Amino acid sequence: MSLSNNSASVLNEGGAARAPKRLLDFAQSGPYFAALLLVALVAFWPSYLSLGFGASSAYIHLHATTATLWILMLIAQPTLIRARRMDIHRILGRFSQGLAAVVLMSVVFLAHSRIKGLEGEAYGRQTYILYLQASIAFLFSLSYVMALVTRRSAALHARFMVCTGMTLLDPIVIRLMFWANPTPTWNYQWFTFGLTDSVFLALIFLERDRPTGRQVFPAILGVFMLMQVPALFGLTNTPLWQAFARWFAALPLT
């Protein structure tokens, strides 16, 4: 993303030309997602990449592969727009529908493989992680479905696609934090969720003068914050969520 000049002529009250406002250009968001991919490679190095192929399950490999492909798509799509290759952009957009489905399947299978058969304290910790996985899957799905629904509006579609990438900030950053200190005395989600929300707020501020599309980020931020509440305030220990976790763990998925 970068700032671009507003093409409309802007005049002050005296009729003199005024400098045009600078607006976000999401056709230049590719480098930002490329940077996120580099950070992800660092974040997952100690717990995944450095361990070798045989050290992780097929479900982990599936999730890592599909998540990486998704980030690569978020890099490629705005790059194709800038290159005026809308033909390839549309082909990749159709491919993204299948990829999004596999991304969600990988989250479900990974979550099930990790909670299946657990008991006691380990099971209790995993029910919390299960909520994080479920909330990411929901937020990703919501953002992508809205991107599909609004695909004929470039202003809305681009922003909802950016929101799919925002779901990756928490799992990436929190692994960096656990690498730095694997035994925290506080819930790292306060920082990772706060970082995600801060990025949304920065985008909202930068978009305050945008004539179209600026309603996307406030709306999705509200949903993000709502989904963050159970993880931050211990609501994953409620009987309702525990009952869901038991039902999910008993499914014959993995």
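Start at 1 with the first residue, then count along the sequence. Note that the structure is predicted; figures quoted are calculated from it, not measured.
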**Request:** Show your reasoning for whether side-chain contact (heavy atoms from CB on, under 4.5 Å) applies to Phe200 and Cys163.
**Result:** CA-CA 9 Å; Phe200 269 119; Cys163 291; 3.9 Å; yes
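- Among all heavy-atom pairs drawn from Gly30 and Ile75, the shortest one is O-CG1, 3.8 Å.
- Counting heavy atoms from C-beta outward, Leu74 and Tyr32 have side chains that stay 4.5 Å or more apart.
- Checked by atom type and distance alone, the side chain of Ser96 never pairs as donor or acceptor with a backbone atom of Leu99 at under 3.5 Å.
- A heavy-atom distance below 4.5 Å is found between the side chains of Val223 and Leu142.
- Looking at heavy atoms from C-beta onward, Leu132 lies in side-chain contact with Gln189 at the 4.5 angstrom threshold.
- Side-chain atoms of Thr127 come within 3.5 Å of backbone atoms of Gly124 as a donor-acceptor pair (strictly under, hydrogens ignored).
- Checked by atom type and distance alone, the side chain of Ser153 never pairs as donor or acceptor with a backbone atom of Thr150 at under 3.5 Å.
- Under a 3.5 Å cut-off, the side chain of Thr236 and the backbone N or O of Ala231 do not form any donor-acceptor pair.
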**Request:** Please report the C-alpha distance between Ile174 and Phe191 in whole Å, then the side-chain angles of each, then the deciding distance to 0.1 Å, and finally whether the side-chain contact (heavy atoms from CB on, under 4.5 Å) criterion is met.
**Result:** CA-CA 8 Å; Ile174 205 165; Phe191 178 83; over 6 Å; no
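- Heavy atoms from other residues, nucleotides or ligands lying under 6.0 Å from CG of Leu240 number 12 at most.
- Side chain of Ser106 to main chain of Val103: a donor-acceptor pair is present (N/O by atom type, distance under 3.5 Å, no hydrogens or angles).
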**Message:** Before you tell me yes or no, could you show the steps for Asn237 and Trp241 under side-chain contact (heavy atoms from CB on, under 4.5 Å), namely the whole-Å CA-CA distance, both residues' side-chain angles and the distance that decides it to 0.1 Å?
**Reply:** CA-CA 7 Å; Asn237 294 323; Trp241 182 254; over 6 Å; no
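- Contact of the Thr167 side chain with the Phe224 side chain is registered, since non-hydrogen atoms from C-beta on lie closer than 4.5 Å.
- Because its NZ or CZ atom is both nearer than 6.0 Å to the ring centre of Phe205 and within 45° of the ring axis, Arg208 counts as a cation-pi partner of that residue.
- The side-chain heavy atoms of Leu156 and Gln215, taken from C-beta on, include a pair separated by under 4.5 Å.
- There is no side-chain donor-acceptor pair under 3.5 Å between Gln228 and Asp170.
- Separating the CG atom in Leu203 from the CE atom in Met166 is a distance of 6.0 Å, to the nearest 0.5 Å.
- Open room surrounds CD on Glu121; 12 or fewer heavy atoms of other groups in view lie less than 6.0 Å from it.
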**Prompt:** Given the rule in the ring pair (Phe, Tyr, Trp, His ring centres under 6.0 Å) test, do Phe233 and Trp190 qualify, once you have shown the distances and angles that lead to the verdict?
**Reply:** CA-CA 10 Å; Phe233 295 98; Trp190 282 99; 5.5 Å; yes
**Request:** Applying side-chain contact (heavy atoms from CB on, under 4.5 Å), run through Leu104 and Thr66 and close with a yes or a no.
**Result:** CA-CA 9 Å; Leu104 291 172; Thr66 55; over 6 Å; no
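- For Tyr131 (side chain) and Ala245 (main-chain N/O), no donor-acceptor pair under 3.5 Å exists by modelled atom type.
- Ring geometry for Phe248 versus His112: interplanar angle over 60°, hence perpendicular rather than tilted (30 to 60°).
- Put simply, the side chain of Tyr128 reaches to within 4.5 Å of the side chain of Asn187, judged on heavy atoms.
- Within the 4.5 Å cutoff, no side-chain heavy atoms of Tyr188 are placed close to those of Val173.
- No donor-acceptor distance shorter than 3.5 angstrom exists from the side chain of His63 to the backbone of Leu110, with no hydrogens or angles considered.
- Between the side chain of Arg175 and the backbone N or O of Pro171 there is at least one donor-acceptor pair closer than 3.5 Å.
- Tyr144 places no side-chain N or O within donor-acceptor distance of the main-chain N or O of Ala101, the cut-off being under 3.5 Å.
- Side-chain contact between His89 and Asp87 is absent, with no heavy atoms from C-beta onward closer than 4.5 Å.
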